[in-house]
Protein chains: 2
Amino acid sequence: MPDKVTALDVAARAGVSRSAVSRVFTPGASVSKRTADKVRQAADALGYRPNVLARSLITGRSRIIGLVVAYLENHFYPEAIERLSRKLQEQGYHVLVFLSSNSGEEADEVMAELLDYQVDGIIAASVGMSNDLTQRCEAAGIPIVLFNRAQDDDRLSAVTSDNYHGGRKLAEFLLAGGHSRIAHIAGWEGASTQRDREAGFVAGLEAGGQHLATRGVSDFNFEKAKSVAREMFAGPENPDAVFCANDHMAFAVMDVLRFELGLSVPSDVSVVGYDDVTLAAWPSYDLTTVRQPAGQMADATVDILMDRLADPDTKPRRVALDGPLVLRGSAHIPKGWTS
Amino acid sequence: MPDKVTALDVAARAGVSRSAVSRVFTPGASVSKRTADKVRQAADALGYRPNVLARSLITGRSRIIGLVVAYLENHFYPEAIERLSRKLQEQGYHVLVFLSSNSGEEADEVMAELLDYQVDGIIAASVGMSNDLTQRCEAAGIPIVLFNRAQDDDRLSAVTSDNYHGGRKLAEFLLAGGHSRIAHIAGWEGASTQRDREAGFVAGLEAGGQHLATRGVSDFNFEKAKSVAREMFAGPENPDAVFCANDHMAFAVMDVLRFELGLSVPSDVSVVGYDDVTLAAWPSYDLTTVRQPAGQMADATVDILMDRLADPDTKPRRVALDGPLVLRGSAHIPKGWTS
DNA sequence: CGGATAAATGGATACCCATTCACAGCACAA
DNA sequence: TTGTGCTGTGAATGGGTATCCATTTATCCG
């Protein structure tokens, strides 16, 4: 029983040199069909497969992509990760997961560990990159793609949806719906997604002559969103529409409105979110929201990574994919409104 | 700008040998404080960190755990993975993700790739292990833990909840609630979780003198569960209670009952699930279910892995954690019923 | 306080496993 | 016979750790 079968064992059995074996498993190398057959047969018999780690050492490519993510509670991330991982797998890469808070301290330590594994590339989902780290990756030639977050740094690629525009669309939609006391529940204010969505939303409101009636912050957290909603609707004059910076918080808010405060959505209050996670389409929530095209975003992320891996001189790219406003039942739909 | 800084560079700068550098980064090695300081200082100045891959090659341990999972659509898995990954990270391990269908063909190919990365251990979540693969891992000394699935093989560790008992509890609960036409919507019948839950449930019914009124199969899939629910409630005499093999399908069924068929849950039909994912507690569904203690399950999984890694002679373990029946509003609660 | 012995520490080198590169051998055509 | 192209070989390489041995330092005893 061969505990560990190496290329040398295969070479011995096939009666060739170790190099010959290596070439058989290296696409594009020059080997005669006869040797290739001999080697393959021996490899099969012995159950040989090349050791990826040893290979990485010499080739300098590990075929590992580091994925840093803060939390999976928001269903948008699992959906995206599944797609991301599948696509990378098709290309012969695999994902090494690193969970990190988005506090700079821990994130940096985690990133450093990432580099220890000699990853070929990094996907940072919902996590920022410190300047120092970016510098080190740049120096080591490791491409970084920010997923669902952007950052003002030319060295970083970023894939997001067009958050500003999306926010704006929601504002226009709510204005057209005749709402006059429009509130916003923000996520974590350090996130570019948050800032862009809100900026677009506020700009849209102002273009229509309105302002934010109230505003709360709940860090993309479900329970916090509930508290914020409770406070927001404790006064004598309640908002008649709420834009939650993501679907996850919108669900929390809807739950509070309907089940704690006995309000009706959308008759009493319209609620809109952002992401269009699967759950948003389920009839219990039936949430009007802006779709983030998770599949396309994942595809773009992998494409950027692959391009930069193929040619290190490729410039970092920023992609902001447009996502449609998805009309559902959680908000009053103006007559004749289609997009 | 040092493109790649190696132990040799650090050694040169610190004026010691490469071995000394290595020892400084190997916990438990014998180094004087003076040398350690010199080396650390040089390492910091150069930004040196040991190359995990190179280290793995010689030590034979990669500190990588392969995680195989079929899909993340069921929220139970993201919740578990987050916990799993966090705990492994604390122990200095990291998770390499492999997505696989549970069809044997693809699963085997994916598993083979897994082994190419010299993983130290494998967690198979919602995926079975072929005999051949188990054999090879056994031979290579790689411990395997099945997560949320069990298999009749002494070489495999498995962590599940006590699915049989859980199913039985649900049956007793529904019987006590006075239901008389009790249906079951099964997940994928190849899954041990499915079989155990159903077996326990059926045993519970029979102990109370009843049988399954109807039964459908929907492979743990949301859309399929909806179709099955539609068919199940198309006849003249509908079930008055449905046990769905997991929460995910229960949500689908509740949506169909309430929003397509206009039935009331629980007045017209009681619905119960299995898992107690976060969403089950949200008031929109408020689902009565059996909790799978995801945190404890993840902890147990990591513990088994660590034990076997520390001592290869440790026997594979099977853990079936008991989970409580969580009473909520989706099913009629009999008077005075507490557990 | 000197000397013997044990313990701690540093260094040289082989090794982990596969790829790459320079080079040699061979067959075949010119 | 020489030139050409394809194949295969051996050795170097990548970054680090384990082992063994030599050296230094510490400890103890007479």
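Computed from heavy atoms alone, side chains included, the values below leave out hydrogens, waters and symmetry copies. Order of the sequence lines fixes the chain letters, A, B, ..., with proteins taken first and strands second; residue numbering starts at 1 for each chain.
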With B:Arg318 via salt bridge (charged side-chain N to carboxylate O under 4.0 Å, His left out) - residues at least two apart: none

Can you name the residues that form a salt bridge (charged side-chain N to carboxylate O under 4.0 Å, His left out) with A:Glu82, not counting sequence neighbours? A:Arg86

When the nearest nucleotide of DNA chain C is assigned to B:Arg34 and to B:Ala54 on a heavy-atom basis, which residue is associated with the more 5' position?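 Its nearest nucleotide lies further toward 5', so the answer is B:Arg34.
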
Within the structure, does a side-chain N or O atom of B:Ser30 lie under 4.0 Å from either OP1 or OP2 of C:dT9? yes

For C:dA18 and A:Tyr48 - does any side-chain N or O of the residue sit under 4.0 Å from the phosphate oxygens OP1/OP2?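 So the side chain of A:Tyr48 is within the cut-off, an N or O lying under 4.0 Å from OP1 or OP2 of C:dA18.
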
Rounded interatomic separation in angstrom, taking [atom1] from [X] and [atom2] from [N]:
X	N	atom1	atom2	answer
B:Tyr117	C:dA18	OH	P	15 Å
A:Lys33	D:dC6	NZ	P	18 Å
B:Leu53	D:dG14	CG	C1'	11 Å
B:Arg18	D:dT17	CZ	P	10 Å
B:Leu46	D:dG15	CG	C1'	15 Å
A:Asp37	D:dT7	CG	P	13 Å
B:Leu57	C:dT19	CG	P	12 Å
A:Asn51	C:dC17	CG	C1'	6 Å

Can you list the residues that meet the side chain to side chain donor-acceptor pair (under 3.5 Å) rule with B:Arg136, with sequence neighbours excluded?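 Expected list: none.
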
For A:Ser157, what residues pass the side chain to side chain donor-acceptor pair (under 3.5 Å) criterion, not counting sequence neighbours?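 For A:Ser157 there are no side chain to side chain donor-acceptor pair (under 3.5 Å) partners, ignoring immediate neighbours.
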
Where along residues 7-17 of chain B does a heavy atom come under 4.0 Å from DNA chain C, residue by residue in number order?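 Contacts with DNA chain C under 4.0 Å: B:Val16, B:Ser17.
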
Using a cut-off of 4.0 Å on non-hydrogen atoms, how would the nucleic acid contact of A:Val31 be classed: base, sugar-phosphate, or nothing? sugar-phosphate

From the candidates D:dG14, D:dG16, C:dA18, the one with an atom nearest any side-chain atom of A:Arg55 is C:dA18

Does A:Arg63 offer a backbone N or O that forms a donor-acceptor pair with the side chain of A:Asp120 under 3.5 Å?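 Yes; at least one donor-acceptor contact below 3.5 Å.
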
Taking B:Ser85 for the side chain and B:Ile81 for the main chain, is one N or O donor matched with an acceptor at less than 3.5 Å? no

To the nearest 0.5 Å, what is the distance between CG on A:Leu309 and CD on A:Gln91? 10.0 Å

Are there more than 12 heavy atoms of other residues, nucleotides or ligands under 6.0 Å from atom CG of B:Asp44? yes

Generate the contact string for nucleotides 18-26 of chain D. Rules: B means base contact, S means sugar-phosphate contact only, - means no protein heavy atom under 4.0 Å. B--------

Do B:Tyr93 and B:Val302 come within less than 4.5 Å of each other through their side chains, counting heavy atoms only?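 No, too far: nothing below the 4.5 Å cut-off.
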
